[in-house]
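First up is the structure itself, then whatever we jot down about it.
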2 protein chains.
Amino acid sequence: MLCPNCYADSHILQLAEIFRLMGDPTRLKILVACVGKPRAVGDIAAEVGASPSLVSHHLRLLRAARILRKTRQGKQAFYSPADEHISHMLVDMLDHVSEAPDDHVDAEVED
Amino acid sequence: MLCPNCYADSHILQLAEIFRLMGDPTRLKILVACVGKPRAVGDIAAEVGASPSLVSHHLRLLRAARILRKTRQGKQAFYSPADEHISHMLVDMLDHVSEAPDDHVDAEVED
DNA sequence: CCAATATATGAACATATGTTCATATGTATG
DNA sequence: CATACATATGAACATATGTTCATATATTGG
């Protein structure tokens with residue numbers, strides 16, 4: 001912790017933007033698909049079950065936020081994590097929800 | 001990592017929901033305000049500069065997702081992290097964006 | 001250059017989401 | 001009980017957002 005209870009507003013906004021991008025199921029699937037080895041757009045589309053067009057739209061957003069980076073090889077564009085810290089966090093959180101007792105599917109909360 | 005490249009769809013959805021909730025600036029500020037010690041609704045509202053009504057709406061969502069938990073003391077309702085793992089991650093990510101070179105405010109990305 | 005493949009982009013649209021305002025509920029104290 | 005304070009809830013609304021479809025832009029090979 002750098003400065004307890006005193007985070008700059010701009011940092012909160014930056015972080016919220018990152019979370020917002022990861023907060024869409026399709027986009028999160030795309031992200032997860034890119035963790036590990038660089039993936040081509042078409043392959044990602046097939047893996048997550050979305051159109052290449054949609055995947056490309058989302059990849060653009062993830063790239064603009066510097067969450068993914070792009071490298072071209074021939075006709076294909078490969079995407080991979082631009083930030084190891086974020087991808088580590090992602091895997092960590094994924095393990096977290098995987099281990100957690102998956103009650104509370106959407107439940108109400110009593111007092 | 002539990003099962004490399006093989007995360008259940010439901011887990012991705014769960015995680016996306018968590019990220020979605022943290023992806024709103026107001027809600028993220030509320031969350032951050034609750035990390036550390038339990039906070040009353042009115043105090044949170046004052047700290048993040050939002051109406052008590054709005055804060056209450058957001059708290060309800062964060063509580064439904066089991067990100068925050070509620071305890072009453074007299075007239076006031078205190079909210080605190082329900083999940084240490086999430087709050088640790090939050091602080092960690094906050095440090096991450098605080099340390100990072102804050103170029104790319106919103107920039108376009110060249111090829 | 002032309003065709004074929006892979007990706008990207010823009011407009012349009014339906015839906016979701018954050019916020020506000022008015023009002024209700026709860027809780028202590030006189 | 002009545003008043004005051006703290007929080008919660010519901011409806012309404014403006015705006016943002018994910019998706020689709022059509023089309024454009026690479027890039028390679030003939």
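A note on names: the letters A, B, ... follow the listed sequences, proteins ahead of strands, and every chain is numbered from 1.
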Donor-acceptor under 3.5 Å (A:R27 side chain, A:L21 main chain)
yes

Is there a path of hydrophobic side-chain contacts, each under 4.5 Å between heavy atoms, that joins B:V35 and B:F78?
no

Whole angstroms only, please: what is the CD-P distance between A:E17 and C:dG18?
14 Å

Please confirm whether the backbone N or O of B:K75 pairs with a side-chain atom of B:R72, one donor and one acceptor, at under 3.5 Å?
yes

Name all residues meeting the side chain to side chain contact (heavy atoms under 4.5 Å, CB included) criterion together with B:S56; count only those two or more places apart in sequence or in a different chain, and write none if there are none.
none

Short question: side chain of A:R39, backbone of A:I44 - any donor-acceptor pair under 3.5 Å?
no

Determine, for nucleotides 4-13 of chain D in 5'-to-3' order, which nucleotides have protein heavy atoms under 4.0 Å from the base (write B), from only the sugar-phosphate (write S), or from neither (write -).
-BSSBBB---

Residues passing the ring pair (Phe, Tyr, Trp, His ring centres under 6.0 Å) test with A:F19, sequence neighbours excluded, are B:F19

Specify the separation, in whole Å, of atom CG of A:L61 and atom P of D:dA16.
15 Å

Please state how far atom NE2 in A:H58 lies from atom P in D:dG18, giving the value in whole angstrom units.
6 Å

Toward the 5' end of DNA chain D, by each residue's nearest nucleotide, A:G74 or A:L21
A:L21

